Amino acid sequence: MDKVKANMKSCLNPVPKVLVSCRGLNGENNVLAVGYCGNCSYDPPMVMVGIVPSRYSYHMIKESGCFVVNLVDENYKETFNYLGSHSKRDEDKLEIMNVKLEDAKIVNAPILTDCPVNIECTIVDSIVTGSHEMFIGKIEHVSGDSKLVNADGTIDFSQIKFL
Ligand SMILES: Cc1cc2nc3c(=O)[nH]c(=O)nc-3n(C[C@H](O)[C@H](O)[C@H](O)COP(=O)(O)O)c2cc1C
């Protein structure tokens, strides 16, 4: 391979494409698309999500101290793109896209009914890295579509057609 210098921004690829759902202290629900995220501890189980402070969701997540990471499959592509390009500050994007929500099992936030896996997290720390604040979430509960969860609780990710 012949190598030349390339741009440094967002050069770790592919990135996960998830929807993060949250609830403000006033009870308002919101969802945004997130690509800056990943597993960050196996024991205890933890994930992190990076949120830009200008997002409408940012204060909801920071003040409530929790969020849900929803894995997205290709059936939800249009909704993912819409939620990732429109702000709840300007319009009720959840209503417009007919996003189905239900209460999470443990944390005070909604989960997305039509996403196959919902990872409920409590924030245990955060780091302002630059453009993003990385919220470290201790996983409190994971719900998976019954067709995907094996008898031992493991999730068969191979059945999910990710975006
Ligand atoms: C593929 C994709 C990845 C994104 N990743 C992030 C991210 O990691 N962090 C973030 O704050 N915004 C990210 N966004 C942008 C937000 O989803 C977008 O600004 C959204 O409209 C914010 O909604 P809100 O203002 O209602 O919170 C991403 C958008 C797309 C389409």
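Treat the numbers as computed from the prediction; the structure is a model and nothing was measured. Counting convention: from 1, in listed order, for ligands and their atoms alike.
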Pair V20-N70, side chain to side chain contact (heavy atoms under 4.5 Å, CB included): steps then yes or no: CA-CA 6 Å; V20 172; N70 302 270; 5.8 Å; no
Ion pair check, D114 and K100, cut-off under 4.0 Å: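 Salt bridge flag = yes for K100 with D114.
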Basic-acidic side-chain contact under 4.0 Å: R23, D103: yes
Under 4.0 Å from ligand 1 - residues by heavy atom, chain and number: N30, L32, A33, V34, G35, Y36, G50, I51, V52, R55, Y56, S57, F80, L83, G84, S85, H86, S87, K88, K93, H132
Contact check, side chains of V117 and D145, non-hydrogen atoms, under 4.5 Å: no
Derivation of the side chain to side chain donor-acceptor pair (under 3.5 Å) call for N30 and S57: CA-CA 6 Å; N30 199 16; S57 307; 3.0 Å; yes
Parallel, tilted or perpendicular: ring planes of Y58 versus F135, cut at 30 and 60 degrees: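 Tilted: the ring planes of Y58 and F135 meet at 30° to 60°.
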